[in-house]
Amino acid sequence: MSRIAFIGLGNMGAPMAANLLKAGHALRVFDLTPAAVDAAVVAGGVAATSAIDAVVDADIVISMLPASRHVEGLYLDASSGLLPHIPAHALVIDCSTIAPATARKVAEAAAKHGLAMIDAPVSGGTAGAAAGTLTFIVGGEATTLERARPILVNMGKNIFHVGSSGAGQVAKLCNNMALGVIMAVTGEALALGVSHGLDAKVLSQMMAVSTARSWATEVCNPWPGVLENAPASRGYTGGFGNDLMLKDLGLAAEAAMSVGASIPLGELARNLYAMNSRAGHGGLDFSSVVKLVAKDV
Ligand code: NAD
């Protein structure tokens, strides 16, 4: 049993923390939203009054925050940054999806405090977080990953070590760029079929066993009513926010520019999710991008 500080109890962090509690670990939990802390306390965690309060006697610190600026602020802020407060023996695992350069910057600062840190962004969505079947995509020292592995297996079933610090983030952005494109085109295909009078459910079932098969057809189908448990069937709530996908596609564009790579479809998809955000859907699940091409969904 480890003493774990878990910071960031949103759509992903809450179920991940719940799985650590189920595995018997002792969790001190913190989130800026009091209701998120309350829910984690009901699940068995102990409420911390601040992020610093959460980490004071931790063996492991896990963060699951929205974006680079939140992670940089959490660890490096001049007055409230966590690094000087984390016990020297502790291991730091950041599971947020952020810029590779930020991940490297925070890990280097952690090392100066004698702390081992990995970037371990995840794939698998909220359903994977709840089921404990996430994929962890890890950047950092192999020896640090081995220390983290007994904790990560409580939350996920696949663990990939893809390189040194920041590499986990690069690999995660590659995955999400492909996902963003696939989700948008799946929505387009379903809207086209429905415009011709086809049943979206039958069309999806056919595609799910044909060559357009994907996570978007099978797990997070963008058409309401096709999959009972998909965000589309509950008003596009829960799930992976449109603006988080927009953030990831922006990070992919930055990563592409830094090495001169061309990502024509990734850039196009970034614009689609930006349009969806400007249409007022930024807080909805990213599968709501289908609203750009379909009426009445
Ligand atoms: P979310 O917005 O639901 O949750 C983030 C939580 O962090 C919120 O509860 C917020 O209050 C809290 N927070 C922000 N700053 C904080 C701070 N300084 N201290 C304490 N708490 C703070 O986001 P999410 O969907 O849980 O995603 C988290 C990360 O995981 C993002 O980087 C996202 O890109 C990534 N991700 C999400 C999914 C998904 O399906 N939702 C899948 C894979 C990866």
I want to check something: taking the side chain as every heavy atom from C-beta on, are [X] and [Y] in contact at a cut-off of under 4.5 Å?
X: Asn242; Y: Asp285; value: no
X: Thr135; Y: Val122; value: no
X: Leu152; Y: Leu145; value: yes
X: Met16; Y: Cys95; value: yes
X: Ile151; Y: Ile4; value: yes
X: Met155; Y: Leu20; value: yes

Once you round to the nearest 0.5 Å, how far does [atom1] of [X] lie from [atom2] of [Y]?
X: Glu267; Y: Leu265; atom1: CD; atom2: CG; value: 10.5 Å
X: Lys172; Y: Ser96; atom1: NZ; atom2: OG; value: 11.0 Å
X: Asp94; Y: Glu72; atom1: CG; atom2: CD; value: 11.5 Å
X: Asp119; Y: Gln169; atom1: CG; atom2: CD; value: 5.0 Å
X: Ile182; Y: Trp215; atom1: CD1; atom2: CH2; value: 11.0 Å
X: Arg3; Y: His25; atom1: CZ; atom2: NE2; value: 13.0 Å

**Trace of the side-chain contact (heavy atoms from CB on, under 4.5 Å) decision for Asn276 with Val290** = CA-CA 9 Å; Asn276 198 36; Val290 70; over 6 Å; no

Check: [X] side chain, [Y] main-chain N or O, donor-acceptor pair, under 3.5 Å:
X: Tyr236; Y: Ser287; answer: no
X: Ser68; Y: Ala99; answer: yes
X: Ser233; Y: Asn229; answer: no
X: His161; Y: Gly140; answer: yes
X: Lys247; Y: Thr97; answer: yes

Indicate every side-chain donor-acceptor pair of residues 255-262 with a distance under 3.5 Å to a residue at least two apart or in another chain.
unit_1: Ser258; atom_1: OG; unit_2: Ala255; atom_2: O; d: 2.8

Closest heavy-atom contact between [X] and [Y]?
X: Ala120; Y: Phe136; value: O-CD2, 3.6 Å
X: Leu249; Y: Met177; value: CD2-CA, 3.7 Å
X: Gly193; Y: Leu203; value: CA-CD2, 3.9 Å
X: Ala47; Y: Val37; value: CB-CG1, 3.6 Å
X: Ser2; Y: Ile60; value: CB-CG1, 4.1 Å
X: Ala208; Y: Glu218; value: CB-CG, 3.7 Å

**Asked** Does atom CZ of Arg234 have more than 12 heavy-atom neighbours, drawn from other residues, nucleotides or ligands, at distances under 6.0 Å?
**Response**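 Atom CZ in Arg234 is packed in, count exceeds 12.
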
**Message:** Heavy-atom count check: over 12 atoms from other residues, nucleotides or ligands less than 6.0 Å from Lys105 NZ?
**Reply:** no

**Request:** Assess whether side-chain hydrogen bond (donor to acceptor under 3.5 Å, both in side chains) is satisfied between Asp243 and Ser277, documenting all intermediate values.
**Result:** CA-CA 7 Å; Asp243 284 356; Ser277 185; 2.8 Å; yes

Should [X] and [Y] be counted in the same cluster of Ile, Leu, Val, Met, Phe, Trp and Tyr side chains packed under 4.5 Å apart?
X: Val153; Y: Ile118; result: yes
X: Val46; Y: Leu27; result: no
X: Val185; Y: Met245; result: no
X: Met64; Y: Leu134; result: yes
X: Leu268; Y: Leu179; result: no

**Asked** If you look only at pairs with a residue in residues 80-131, which of them pass as a ring-ring contact (aromatic ring centres under 6.0 Å, His included), with sequence neighbours excluded?
**Response**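 Pairs touching residues 80-131 that pass the test: none.
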
**Prompt:** Pairs in or reaching into residues 274-297: which pass ring-ring contact (aromatic ring centres under 6.0 Å, His included), with residues at least two apart or in two chains?
**Reply:**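 Listed once each, the pairs are Phe240-Phe286.
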
**Prompt:** Are the charged groups of Glu146 and Arg149 less than 4.0 angstrom apart, N to O?
**Reply:** yes

**Request:** Decide side-chain hydrogen bond (donor to acceptor under 3.5 Å, both in side chains) for Asn19 and Asn154; before the verdict, give the C-alpha distance in whole Å, the side-chain angles of both, and the deciding distance to 0.1 Å.
**Result:** CA-CA 6 Å; Asn19 280 328; Asn154 298 141; over 6 Å; no

**Asp248 and Leu251: CA distance, side-chain angles, deciding distance, side-chain contact (heavy atoms from CB on, under 4.5 Å) verdict** = CA-CA 5 Å; Asp248 290 357; Leu251 292 174; 4.3 Å; yes

**Message:** Suppose clustering is done on Ile, Leu, Val, Met, Phe, Trp and Tyr with side-chain heavy atoms closer than 4.5 Å. Which residues sit in the same group as Leu83?
**Reply:**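 Besides Leu83, the hydrophobic cluster comprises Ile7, Phe30, Leu32, Ile52, Val55, Val61, Leu65, Val71, Leu74, Tyr75, Leu76, Leu82, Ile86, Val92, Ile98, Val106, Leu115, Met117, listed by chain and residue number.
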
**Item:** Positive for side chain to side chain donor-acceptor pair (under 3.5 Å) with Arg28, one of Thr49, Asp53, Asp57
**Value:** Asp53

**Asked** Mind checking what makes side-chain contact (heavy atoms from CB on, under 4.5 Å) contact with Thr133, not counting sequence neighbours?
**Response** Ala131, Lys157

**Ser80/Asp77 under side-chain hydrogen bond (donor to acceptor under 3.5 Å, both in side chains): CA gap, chis, key distance, verdict** = CA-CA 5 Å; Ser80 62; Asp77 184 83; 3.1 Å; yes

Which donor-acceptor pairs under 3.5 Å do side chains of residues 219-228 form with protein atoms, sequence neighbours excluded?
unit_1: Asn221; atom_1: OD1; unit_2: Trp223; atom_2: N; d: 2.9
unit_1: Asn221; atom_1: ND2; unit_2: Ser204; atom_2: OG; d: 2.9
unit_1: Asn221; atom_1: ND2; unit_2: Thr217; atom_2: O; d: 3.2

